[in-house]
Amino acid sequence: ERTFHRDLRAIESIFDVEVRCNRSTNQYSITTDIQNVSFRKWVIETMAMSNFVAECKDISKQILIEDMPSGVCYLTPIVKAMKIRRSLTVSYQSYFAAESSQFEIEPYCLKSFKRRWYVLAKTSKHDDLRVLALDRMANVEMTDCPYSIPRNFDAEKYFRDYYGVIMNEKPEKVRLWTTSFRANYLRSLPLHKSQKEVECVPESAPQTNDGYSIFEMKVAPTFDFIQELRSLGAEVKVLAPQRLA
């Protein structure tokens, strides 16, 4: 019983959930909704994958995983800095700069996108928050300088209206027409959290591909969003706004 309760406390701490016992049945259950919390879901899926990999060592050469750029090594110092609220000195070179520059950052949050990690941070070089790619960093060192994040800052809300990590456009209602075949992919992996299917016309016969669907979403038509639409080819057409079409 002592081991059980120790494990129970560990589960609540690791996953940030509440586990309660129904005394009438002596059944334990998670009372926190974990389905719509991305971080908890990510932690659970990561641990599940670790167990899965441990069971598959003998066929490891038959499991192919997408690689992540080298910036992953800076995740640990950035997370540590965020936990104790200490700024970082980074050496950074963007794709638009001829050489690297060194400056101080105050990390607000981390975000993964398209197999890369990014940090949203206040920097000593800019007045506003900037998104920096970890794979474009050459060195990261913690300083002794403390910093604070505004109490009303909400990372989820900050990125809510954007497809990825580019935020130089205002959000608009986007309407997309897509073939029935491509609609299957958009349903299983939405382009944006606000995506809704507002119309669906099924195919007249199997594999005729004469059916279609229309999706709506509120998202900023940024460069990375446009690139994603272009990658879908003629199977997706923009109905609105006209300038995006």
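Hydrogens, waters and symmetry mates are skipped; everything else that's a heavy atom, side chains included, is used. The shown structure was predicted, so the numbers you read here are calculated from the model rather than taken from an experiment. Positions are given from 1 along the sequence.
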Joint cluster assignment, Ile166 & Tyr158, ILVMFWY side-chain distance < 4.5 Å:
no

Ring pair (Phe, Tyr, Trp, His ring centres under 6.0 Å) evaluation trace for Tyr162 with Phe225
CA-CA 8 Å; Tyr162 302 96; Phe225 180 67; over 10 Å; no

Applying the 4.5 Å side-chain criterion to the ILVMFWY set and letting contacts propagate, would Ile105 and Leu110 be lumped into a single cluster?
yes

I need the Tyr163 OH to Gln227 CD distance, nearest 0.5 Å.
10.0 Å

Can you confirm if the aromatic rings of Phe159 and Tyr118 lie within a centre distance of less than 6.0 Å?
no

Are Val236 and Val201 linked, directly or through intermediate hydrophobic residues, by side-chain heavy-atom contacts shorter than 4.5 Å (ILVMFWY only)?
no

Can you tell me how far the CZ atom of Arg136 sits from the OH atom of Tyr74, to the nearest 0.5 Å?
13.5 Å

Euclidean distance, Tyr92 OH relative to Thr89 OG1, rounded to 0.5 Å
16.0 Å

Taking the side chain as every heavy atom from C-beta outward, state whether Gln27 and Cys21 have any pair of such atoms under 4.5 Å apart.
no

By ring pair (Phe, Tyr, Trp, His ring centres under 6.0 Å), Tyr185 pairs with (sequence neighbours left out) Phe181

Lys193 side chain reached by Arg160 side chain, heavy atoms, under 4.5 Å:
no

Can you find a heavy atom in the side chain of Met167 that is under 4.5 Å from one in the side chain of Thr222?
no

Distance from Leu186 atom CG to Phe215 atom CZ, nearest 0.5 Å?
5.0 Å

With a 4.5 Å cut-off on side-chain heavy atoms, are His192 and Pro171 touching?
no

Rounded at 0.5 Å granularity, tell me how far CD in Glu156 sits from NZ in Lys111.
8.0 Å

Could you tell me which non-hydrogen atom of Met142 sits nearest to which non-hydrogen atom of Ala81, and how far apart they are?
CE-N, 3.8 Å

With no hydrogens and no angle check, is any side-chain donor or acceptor of Glu12 less than 3.5 Å from a backbone partner on Val19?
yes

Closest non-hydrogen contact found for Pro221 with Glu169 is O-CG, 3.7 Å

Counting neighbours of NZ on Lys218 that are heavy atoms of other residues, nucleotides or ligands and sit closer than 6.0 Å, is the number greater than 12?
no

What I'd like to find out is whether the side chain of Leu176 reaches to under 4.5 Å of the side chain of Leu191, using heavy atoms alone.
yes

Are the charged groups of Arg9 and Asp7 less than 4.0 angstrom apart, N to O?
no

Using the side chain to side chain contact (heavy atoms under 4.5 Å, CB included) rule, take Asn139 and Met137 through it: C-alpha gap first, then chi angles, then the decisive distance, then the call.
CA-CA 6 Å; Asn139 190 44; Met137 294 179 179; over 6 Å; no

Is Met217 reachable from Val198 through a run of hydrophobic residues whose side-chain heavy atoms are each under 4.5 Å from the next?
no

Hydrophobic clustering (ILVMFWY, side-chain heavy atoms < 4.5 Å, transitive) - are Leu189 and Ile214 grouped together?
no

Strictly distance-based, threshold 3.5 Å: is any side-chain N or O of Thr178 a donor or acceptor partner for the main-chain N or O of Glu235?
yes

What heavy-atom pair brings Arg187 and Cys200 nearest, and what distance separates the two atoms?
NH2-SG, 3.7 Å

Are any of the side-chain nitrogens in Glu228 or Lys114 under 4.0 Å away from the carboxylate oxygens of its partner?
yes

Using only atom types and a distance under 3.5 Å, with no angle test, would you say the side chain of Asp224 pairs donor to acceptor with the backbone of Val165?
yes

Minimum side-chain heavy-atom gap Val174-Pro241 below 4.5 Å
yes

Measure from NZ or CZ of Lys122 to the centre of the six-membered ring of Tyr147 and say whether it is under 6.0 Å with the direction within 45° of the ring axis.
no

When you look at CZ of Phe96, are more than 12 heavy atoms from neighbouring residues, nucleotides or ligands closer to it than 6.0 Å?
no

As an exercise, state the distance from CG of Leu88 to CD of Glu141, rounded to the nearest 0.5 Å.
9.5 Å

Before giving the answer on side chain to side chain contact (heavy atoms under 4.5 Å, CB included), spell out for Leu244 and Glu172 the whole-Å C-alpha distance, their side-chain angles and the decisive distance to 0.1 Å.
CA-CA 10 Å; Leu244 180 61; Glu172 300 180 52; over 6 Å; no

Give a yes or no on this: more than 12 heavy atoms of other residues, nucleotides or ligands lie within 6.0 Å of atom CZ of Phe223.
no

If every non-hydrogen atom of Ser87 is compared with every non-hydrogen atom of Thr143, which pair is closest and at what distance?
OG-OG1, 2.6 Å

Exercise: identify the closest heavy-atom pair between Val238 and Leu229:
CG2-CD1, 3.9 Å

Provide the closest heavy-atom pair for Ser180 versus Tyr212 in the form atom of the first, atom of the second, distance.
OG-N, 3.2 Å

Answer yes or no: does atom CG of Asp127 have more than 12 heavy-atom neighbours from other residues, nucleotides or ligands under 6.0 Å?
no

Any side-chain heavy-atom pair of Phe153 and Ser148 under 4.5 Å
no

State, with a plain yes or no, whether a side-chain heavy atom of Arg85 is found less than 4.5 Å away from one of Ile149.
yes

